[in-house]
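FYI, the numbering just counts along the sequence from 1.
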Amino acid sequence: MKRPILTAAALTAVLLVSSAAMAGLAPGDQAPDFTLTDTAGKEHNLQSYLDDNQTVVLEWFNPDCPFIKKHHLNPKTMDETFAAVSKEQPVIWLAINSNAKGKQGNGLERNKKAVEEYEMTFPVLLDESGEVGKAYGAKTTPHMFIITPDGKVVYAGAIDSDNSADKLGETNYVLEFLNAMAAGKELPTAETKPYGCSVKYAK
């Protein structure tokens, strides 16, 4: 059964959002549906990917955040992880920028440039209103979510195990989790603490 696309009223009814913090989605929660447009003008609907039996990875994104640069310049953690896992299973990777107008890293042109600069192999979707980010409780850039075709969040948290702005962690949590799924092995940690720049929502 398809779930309704998010509206502001629906978000208010489902999630309690305060100025101090937001309750994030946890493993086992149903992922809110959304439709967002990427920097090339293409619309992406979460439910359509799930209906095609694809696992969806969401990455909250800000091209000017040093933690994003850590994983998108050299090495290219995000693109390399996507390339590795998509060889073994049907996976879609979507970056989402929920920073508000006038905030760091916001805007169509800045993000179009970032896609080229970082040589990204997956799209950046724009969520200037912040509705989707708030629905997921995205707190940092990056903040990662893995969603299975049944619409359930199965992983939420950091990309890896080092929360510094310049050193990669020994464990890539997203890669580890997706590899375990593909191999039918016992799944590792389903929730970790995200790190990075704060998502800069509109006040």
Item to check | Val115: partners by side-chain contact (heavy atoms from CB on, under 4.5 Å), with sequence neighbours left out | outcome: Thr39, Met120, Val124
Checklist entry - Asp64: what forms a side-chain contact (heavy atoms from CB on, under 4.5 Å) with it, not counting sequence neighbours? => result Asn62, Gln104, Arg110
Item to check | Pairs involving residues 181-199, ordered by first then second residue, that meet salt bridge (Lys or Arg N to Asp or Glu O under 4.0 Å) (sequence neighbours left out) | outcome: none
Checklist entry - If you measure only the distance, is there a donor-acceptor pair under 3.5 Å linking the side chains of Asn45 and Asp33? => result yes
Checklist entry - Sequence neighbours excluded, which residues qualify as side-chain contact (heavy atoms from CB on, under 4.5 Å) partners of Ser129? => result Asp127, Glu131
Item to check | Close side-chain approach of Ile92 to His44, heavy-atom, < 4.5 Å | outcome: no
Please set out all donor-acceptor pairs under 3.5 angstrom arising from side-chain atoms of residues 167-176, sequence neighbours excluded.
| unit_1 | atom_1 | unit_2 | atom_2 | d |
| --- | --- | --- | --- | --- |
| Asn172 | OD1 | Val174 | N | 3.2 |
| Asn172 | OD1 | Leu175 | N | 2.9 |
| Asn172 | ND2 | Thr81 | OG1 | 3.0 |

Item to check | Of all pairs that satisfy disulfide bond (SG atoms under 2.5 Å apart), the ones with a partner from residues 28-65, not counting sequence neighbours | outcome: Cys65-Cys197
Item to check | Asn111 side chain near Leu126 side chain, heavy-atom distance below 4.5 Å | outcome: yes
Next on the checklist: Going by disulfide bond (SG atoms under 2.5 Å apart), name the pairs with one or both residues in residues 88-180, residues two or more places apart or in two chains.
Outcome noted: none
Would you mind writing out the side-chain donor-acceptor pairs for residues 82-91 within the sub-3.5 Å range, not counting sequence neighbours?
| unit_1 | atom_1 | unit_2 | atom_2 | d |
| --- | --- | --- | --- | --- |
| Ser86 | OG | Phe82 | O | 2.8 |
| Ser86 | OG | Ala83 | O | 3.3 |
| Gln89 | NE2 | Leu178 | O | 2.7 |

Item to check | ring pair (Phe, Tyr, Trp, His ring centres under 6.0 Å) partners of residues 98-118, not counting sequence neighbours, each pair once | outcome: His72-Tyr118
Checklist entry - Which pair of heavy atoms, one from Trp60 and one from Val199, lies closest together, and at what distance? => result CD1-CG2, 4.3 Å
Checklist entry - In chain order, what residues pass the side-chain contact (heavy atoms from CB on, under 4.5 Å) check against Asp29, with sequence neighbours excluded? => result Leu25, Ala26
Checklist entry - Does one hydrophobic cluster hold both Leu36 and Leu58, with members joined at side-chain heavy-atom distances below 4.5 Å? => result yes
Item to check | Residue pairs, two or more places apart or on separate chains, that pass disulfide bond (SG atoms under 2.5 Å apart) and touch residues 77-178 | outcome: none
Checklist outcome for this item: Shortest non-hydrogen pair, Gly157 vs His143, comes out as O-CD2, 3.6 Å
Item to check | No-hydrogen, no-angle side-chain donor-acceptor test under 3.5 Å, Ser164 and Tyr195 | outcome: no
Checklist outcome for this item: Contacts of Lys112 meeting salt bridge (charged side-chain N to carboxylate O under 4.0 Å, His left out) (sequence neighbours excluded), chain-then-number -> none
Next on the checklist: Please give me the minimum heavy-atom distance between Leu73 and Lys76, naming the atom from each residue.
Outcome noted: O-CG, 3.3 Å
Checklist entry - Can you name the nearest heavy-atom pair linking Phe67 to Thr141, along with the distance? => result CB-O, 3.7 Å
